[in-house]
Amino acid sequence: MLFPTDYADARERFRELVSCADFSLESHAHPTKKGPNGENLACDIARLGAMDAKRVILISSGTHGVEGFCGSGCQAELLASGLLHGLPGDTAVVLVHAVNPYGFAWLRRTNEDNIDLNRNFVDHSVPHLNPGYDEIHDWLVPRDWSGPARTEADASIDAYIADRGLRAFQVAMTGGQYNHPDGLFYGGKAPAWSNLIWRKLLRKHCVNAEQVIGIDIHTGLGPRGVGEAICVTSEAEYMKAKALFGEEVTWTGGGEAVSAQVGGSLLHAAHEEVGTERLVMIALEYGTYPIPETLEALRAETWLVARGDAASEQASRIKQSLKDAFFIDEPDWKLAVTTRFMDLVLKIKGSLS
Ligand SMILES: [Zn+2]
């Protein structure tokens, strides 16, 4: 199967596959950063179909860096499958590879500034407060990872959960925060580079279409290998998504989705740019491990970057654990992921008459 071994491998394969399939390709090189082996980092955008196509299918990967192992693999499998052949003449396909190439290459969920892109698409001119996170930040990112500060921090977290419940803890931790640049689920102080690229590509490739159908591929939440199709904006979009993808689509507004309701995501930006009446876009969230394990891997990696030694043996273990938490390199998982993805693409194809 065509899942990559690292970012450079993913990028090379993507570029090769789109060049064989008559896509036009544009690359947005990262303005300041390189990969761990000095390789170039870029968001690559491939388009098949006329610029004035009435309909656009938009599929993006690597919004959360390390989750790109899965998203890039899905895009490669799709390109190799031939499923994109024979689309109606008025339909274009836009594949966005590695929205956050830095996080993909360096095994981070966040970008070069520790920003979670799905918390970054907010109005930065007004304050965004998360007092719940302020309260737990020092425990989440303690001074040491295997000494007394860690023990103390974990005891405080346990007491917090015992008092207020696991759900309250997860909401405080993952809801997005704008005060701690070295913390978890940090939304940044200004639009990130990837944010600007995302808006620019929507304006170029999507705003002139009458209909845009989008999938942004994620991992780390939900049962192993299950791909939950999640709507994050309005009930109206949720209804459209159910008609298109099936009754199993969930909506964060309804409270039943695996992910919590957060503002400022890339999907919210897509709605702002394209217009809600013309867009239906889901986050496709593939399950890996239970939430506490995934959050622990994220916490360790955030600690490593904030307080640890990047050259240590411990650093490689923490990085590997993060990758493992968001990409299960096992045939059954990859097969389930691919099958689900192709099924959703077939549903999109079936809706185009
Ligand atoms: Zn994600």
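The first residue of the sequence shown is numbered 1, and numbering continues consecutively from there. Each ligand, and each atom within it, is numbered from 1 in the order the structure gives.
- Taking the six-membered ring for Trp and the full ring otherwise, the centers of Trp106 and Tyr7 sit at least 6.0 Å from each other.
- Considering just the N/O/S atoms of His64, the one nearest the Zn ion (ligand 1) carries the name ND1.
- Taking the Zn ion (ligand 1) as reference, the nearest N/O/S atom within Glu67 carries the name OE1.
- Phe69 carries Lys323 over the face of its six-membered ring, with the cationic atom under 6.0 Å from the centre and within 45° of the normal.
- In this structure, OG1 on Thr174 lies 9.0 Å from CG on Asn130, to the nearest 0.5 angstrom.
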Stepwise, does the salt bridge (Lys or Arg N to Asp or Glu O under 4.0 Å) test hold for Glu237 with Arg278? CA-CA 10 Å; Glu237 183 188 36; Arg278 289 186 291 150; over 6 Å; no
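- For His218, the N, O or S atom closest to the Zn ion (ligand 1) goes by the atom name ND1.
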